[in-house]
Amino acid sequence: MNSNEIDIHKELKKYFGFNQFKGLQEQVIKSILAKENTFVIMPTGGGKSLCYQLPALMQEGTAIVVSPLIALMKNQVDAIRSLSSENGIAHVLNSSLNKTEVNQVKADLTSGLTKLLYVAPESLTKEEYVTFLKNVKISFVAIDEAHCISEWGHDFRPEYRNLKHIIKQLGDVPIIGLTATATPKVQEDILKNLDMPNANTFKASFNRPNLYYEVRTKTKNIESDIIRFIKQHKGKSGIIYCLSRKKVEAIAQVLQVNGISAVPYHAGLDAKTRAKHQDMFLMEDVEVVVATIAFGMGIDKPDVRFVIHHDIPKSLESYYQETGRGGRDGGEGHCLAYYSYKDVEKLEKFMSGKPVAEQEIGFALLQEVVAYAETSMSRRKFLLHYFGEEFDSETGDGADMDDNVRNPKTKVEAQNQVVKLLQVVRDTKHLYKSKEVVYTLIGRVNAMIKAHRTDTQSFFGCGHDHEEKYWMALLRQVLVDGMLSKDIETYGIVKITEKGLNFIKKPTSFLMSEDHEYNETEDEAIVTAAKTSGTADEALMSMLRDLRKKVAKKLGVPPFVVFQDPSLEDMALKYPMSLNEMINIHGVGEGKAKKYGKDFIDLISRYVEENDIIRPDDLVVKSTGVNSINKLYIIQNIDRKLSLEDIASGKGLTMDALIKEMEQIVYSGTKLNIKYWIDELLDDEQQEEIHDYFMESESDNIEGALKEFDGDYDLDELRLMRIKFISEVAN
């Protein structure tokens, strides 16, 4: 061991208290100390920041660290100051400082006290700062989050483009680029834009063997699915990512109502609330944070046990970064994404307003996400291939941590089809992206194919015996296998590799698995079938009807006043055995449950025990949202005796919609006193006549009442009287 090495380890212990380096850190630090341009690609949580912090502390002069995130800079500066008795050892220089603070920073830089200066890229473009820095001894410039330089990165910042010109003005200083995302395309872009083609490049593995990857169909019942998932992981921390603020708020609310401690986090909340919610999550006062991608940048919580994507993200980099916040401590991390093609179409719609170049990039990145979601090969292998890394799905670390590997689809021999595919790529002379290659195989014409006259070639349509989806799936698998590659310069164009040319000469077996079909319809059909009579427990149903009759008789009211049929059906489907569960039965609110629930709960509990019933585990998902807001509004304004027309127009409701909401309220057991309004419409005698009809009727069906009164009263009058009747008699 030479003295340099002993030094490095001694310094590591002295400053950071660690005995050894992690992964590639030591090699990176040696490259920086040797004053060479260095490029570091390391997944989040891999210890990137130490790579420039230690050499900065060891060397003469000040290291400039360019970073786009003010919050992160502050965290790092605080961390470094805690290592030293001198506050001036690290500084931030950005728009948040006042004049006095800026002068203090300049003084510490001039005296040589400051080892690390964190700057935002915007500050570096300021003439006065550049002029000042020219006279400071600079050890090196580190550019953190270097993917911000590339339009293909998931977080492109135009102000990063200027950096190389500014650094040149500071003299001949070494540059260190660091990033946690690294598709080959982005890597190439970074090296080109920082003008350091010969940099020493260090790339850590992107494999996170402890993360389990899973994709599920996104159906209408996604909320109950998420709740069930979280309840199976009780007491564990998790993050749920949604694309819109509105969705974040709605999901957080649904979780809270269902007894899961959750808080929302998005850019629309004020800074204080955001900080509070972030702290609650870190301190484990809440289990779940529901967030837009604004969350997680500065989060270093090692024990996040699940990351759920309610909406599919815009790129695989984002997906990798967001899922990467799970299981940082090497323990369990379940990454669950919900996928429906509808979401993809929504994202494409968002893009249509952007400049064409940006749209093209956006579409290309989104297609990769679609490919990931639909593929039935090892997701880990697919993901790592995207980051330019080989993975052996038989023996690799974490090989079975993936839904596709655990539930494999049947594979079919595709040797001949692979040959056809490779020949088409070769014979169309590497002009086409995947879509055109597939179109050529199935014999479909588009403008590009016409322009290159591919439709006149003998091989045009040679694969028409399989459909587009099949060829797309095969093409993706052949890409991952390395027989085709995507060109970096003209991203998306498919080329044949040496391996592919050899396969044409000497074909061998190639087993392909067909893509998943993500159909929302099937799942919904099953659910609706369960809701309509089909699966309600008929034996229990008739017992519930008898009980209802008995209770009604005792109280001297018609049976429908106690519970309506749909409520009984729901009970026979879900077997509620507590007051809380009863409140969530269709059409039963708190009032009803308290008033009539006990006898029904006792009956159901006995029945479940005697018949060894296994209850569905997704028993009840309480809903929140617009209805509850409207409900409160309606109850309050009826208490204030406001005219129903005003109440309706206040929420933009039609009269019909308002009456529907009122019906829901009284049928769930809440009183609504609308006598003041009905008195305007009907006199006492008329009211009594309708009241008696409902009292003696077998059913509260409005058609029956209309027939009975044969035009004496209109639909709204009867519906309002029914509301008054249920409210007075039942509640």
Side-chain angles (χ1 to χ4, degrees), residues 43-45 208-219 221-266 269 273-313 318-339 343 373 379-380 383 398 401-403 406 617-618 621-622 624:
T44 312
R208 298 280 309 279
N210 58 314
L211 297 186
Y212 179 82
Y213 297 107
E214 179 185 2
V215 178
R216 292 184 191 172
T217 311
K218 188 171 182 177
T219 65
N221 294 349
I222 178 169
E223 287 169 8
S224 44
D225 204 46
I226 289 177
I227 289 166
R228 195 176 331 154
F229 180 90
I230 295 173
K231 289 195 167 165
Q232 285 162 354
H233 294 76
K234 208 163 175 38
K236 296 177 180 170
S237 294
I239 305 173
I240 300 176
Y241 283 108
C242 306
L243 277 175
S244 72
R245 296 173 186 186
K246 203 168 136 195
K247 193 43 95 184
V248 164
E249 295 282 351
I251 298 284
Q253 220 181 357
V254 164
L255 295 183
Q256 289 160 1
V257 171
N258 285 281
I260 292 164
S261 58
V263 287
Y265 186 105
H266 57 71
L269 300 169
T273 310
R274 284 208 304 269
K276 186 178 133 202
H277 287 183
Q278 186 164 313
D279 286 344
M280 286 169 82
F281 183 57
L282 286 174
M283 303 311 293
E284 300 193 354
D285 297 329
V286 295
E287 288 173 25
V288 180
V289 165
V290 188
T292 53
I293 48 179
F295 177 76
M297 290 308 186
I299 277 296
D300 218 2
K301 187 167 163 57
D303 57 349
V304 173
R305 291 289 162 245
F306 56 87
V307 176
I308 296 175
H309 279 89
H310 178 283
D311 306 297
I312 213 81
S318 308
Y319 173 76
Y320 180 85
Q321 280 234 312
E322 287 151 26
T323 53
R325 299 197 171 114
R328 291 264 181 96
D329 55 4
E332 160 203 22
H334 196 123
C335 309
L336 170 59
Y338 287 93
Y339 171 75
D343 281 358
R379 294 196 195 278
R380 186 176 304 277
L383 208 50
M401 294 286 286
D402 156 347
D403 56 349
R406 288 198 191 167
D617 60 350
D618 57 346
V621 171
K622 298 188 196 171
T624 69

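Keep in mind that this is a model prediction, so the values were computed, not measured.
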Peer 1: Atom OH of Tyr338 and atom CD1 of Ile312: how far apart are they, to the nearest 0.5 Å?
Peer 2: 11.5 Å
Peer 1: Going by the rule side chain to side chain contact (heavy atoms under 4.5 Å, CB included), which residues pair with Ser318 if we only count those two or more places apart in sequence or in a different chain?
Peer 2: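 Residues passing side chain to side chain contact (heavy atoms under 4.5 Å, CB included) with Ser318: His154, Pro313, Ser315, Glu322.
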Peer 1: Could you tell me the separation between the CG atom of Leu383 and the CG atom of Asp402, rounded to the nearest 0.5 Å?
Peer 2: 10.0 Å
Peer 1: Verify side-chain contact (heavy atoms from CB on, under 4.5 Å) between Phe306 and Val288, making sure each step is shown before the conclusion.
Peer 2: CA-CA 9 Å; Phe306 56 87; Val288 180; 4.0 Å; yes
Peer 1: So, Asn258 side chain and Ile227 main chain: donor-acceptor pair closer than 3.5 Å or not?
Peer 2: no
Peer 1: So which heavy atom on Val286 is nearest to which on Ser261, and how close?
Peer 2: CA-OG, 3.6 Å
Peer 1: Measure across Ala291 and Val248 and return the closest heavy-atom pair with its distance rounded to 0.1 Å.
Peer 2: C-CG2, 3.6 Å
Peer 1: Side-chain contact, heavy-atom cut-off 4.5 Å: Leu255 with Ile240?
Peer 2: yes
Peer 1: Which pair of heavy atoms, one from Phe281 and one from Gly238, lies closest together, and at what distance?
Peer 2: CE1-O, 3.5 Å
Peer 1: Taking the ring of His334 and the ring of Tyr212, is the distance between their centroids below 6.0 Å?
Peer 2: yes
Peer 1: Step by step, would you call Arg228 with Lys231 a side-chain contact (heavy atoms from CB on, under 4.5 Å)?
Peer 2: CA-CA 5 Å; Arg228 195 176 331 154; Lys231 289 195 167 165; 5.9 Å; no
Peer 1: If you draw a 6.0 Å radius around NZ in Lys276, do more than 12 non-hydrogen atoms from other residues or ligands fall strictly inside?
Peer 2: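 No, the 6.0 Å shell around NZ holds no more than 12 heavy atoms from other groups.
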Peer 1: Give the C-alpha distance, both sets of side-chain angles, the deciding distance and a yes or no for side-chain contact (heavy atoms from CB on, under 4.5 Å) between Val307 and Tyr241.
Peer 2: CA-CA 8 Å; Val307 176; Tyr241 283 108; 3.9 Å; yes
Peer 1: Tell me the closest heavy-atom pair linking Val263 and Gln256, and the distance in Å.
Peer 2: CA-NE2, 4.4 Å
Peer 1: Flag the pair Phe229 / His233 as yes when their ring centroid distance falls below 6.0 Å, and as no otherwise.
Peer 2: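 Aromatic pair counts; centres sit under 6.0 Å.
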Peer 1: Assess the residue pair Ile239 and Tyr265 against the criterion (side-chain contact (heavy atoms from CB on, under 4.5 Å)); give the C-alpha distance rounded to whole Å, side-chain angles, the decisive distance to 0.1 Å, and a yes or no.
Peer 2: CA-CA 10 Å; Ile239 305 173; Tyr265 186 105; over 6 Å; no
Peer 1: In terms of side-chain geometry, is the basic nitrogen of Asp343 or Lys218 positioned less than 4.0 Å from the acidic oxygen of its partner?
Peer 2: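 Between Lys218 and Asp343 there is a salt bridge, with a charged N closer than 4.0 Å to a carboxylate O.
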Peer 1: Between NE2 of His310 and CD1 of Ile222, what distance do you get to the nearest 0.5 Å?
Peer 2: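 Result: 4.0 Å between the selected atoms.
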Peer 1: Are any non-hydrogen side-chain atoms of Val289 and His277 less than 4.5 angstrom apart?
Peer 2: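 Side-chain contact under 4.5 Å: no.
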Peer 1: Which heavy atom of Tyr320 sits nearest a heavy atom of Thr323, and at what distance?
Peer 2: O-OG1, 3.1 Å
Peer 1: Identify the residue among Arg305, Arg208, Lys301 that makes a salt bridge (Lys or Arg N to Asp or Glu O under 4.0 Å) with Asp329.
Peer 2: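 The passing option is Arg305.
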Peer 1: Has Asp311 got a side-chain atom pairing as donor or acceptor with Cys242's backbone, closer than 3.5 angstrom?
Peer 2: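 Answer holds: no.
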Peer 1: State which residues pass side chain to side chain contact (heavy atoms under 4.5 Å, CB included) with Arg245; sequence neighbours excluded, sorted by chain then number.
Peer 2: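 Per chain and number, Arg245 pairs via side chain to side chain contact (heavy atoms under 4.5 Å, CB included) with His266, Ala267, Thr292.
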Peer 1: Taking the side chain as everything from C-beta on, heavy atoms only, tell me whether Tyr213 gets closer than 4.5 Å to Met401.
Peer 2: no
Peer 1: Is any side-chain heavy atom of Glu249 closer than 4.5 Å to one of Leu269?
Peer 2: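 Sidechains of Glu249 and Leu269: in contact.
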Peer 1: Return the minimal non-hydrogen interatomic distance between Glu214 and Asp403, and the atom names on each side.
Peer 2: CA-OD2, 3.5 Å
Peer 1: How many angstroms lie between CZ in Arg328 and CG in Leu211, if you round to the nearest 0.5 Å?
Peer 2: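 Rounded to the nearest 0.5 Å, the CZ-CG separation comes to 10.0 Å.
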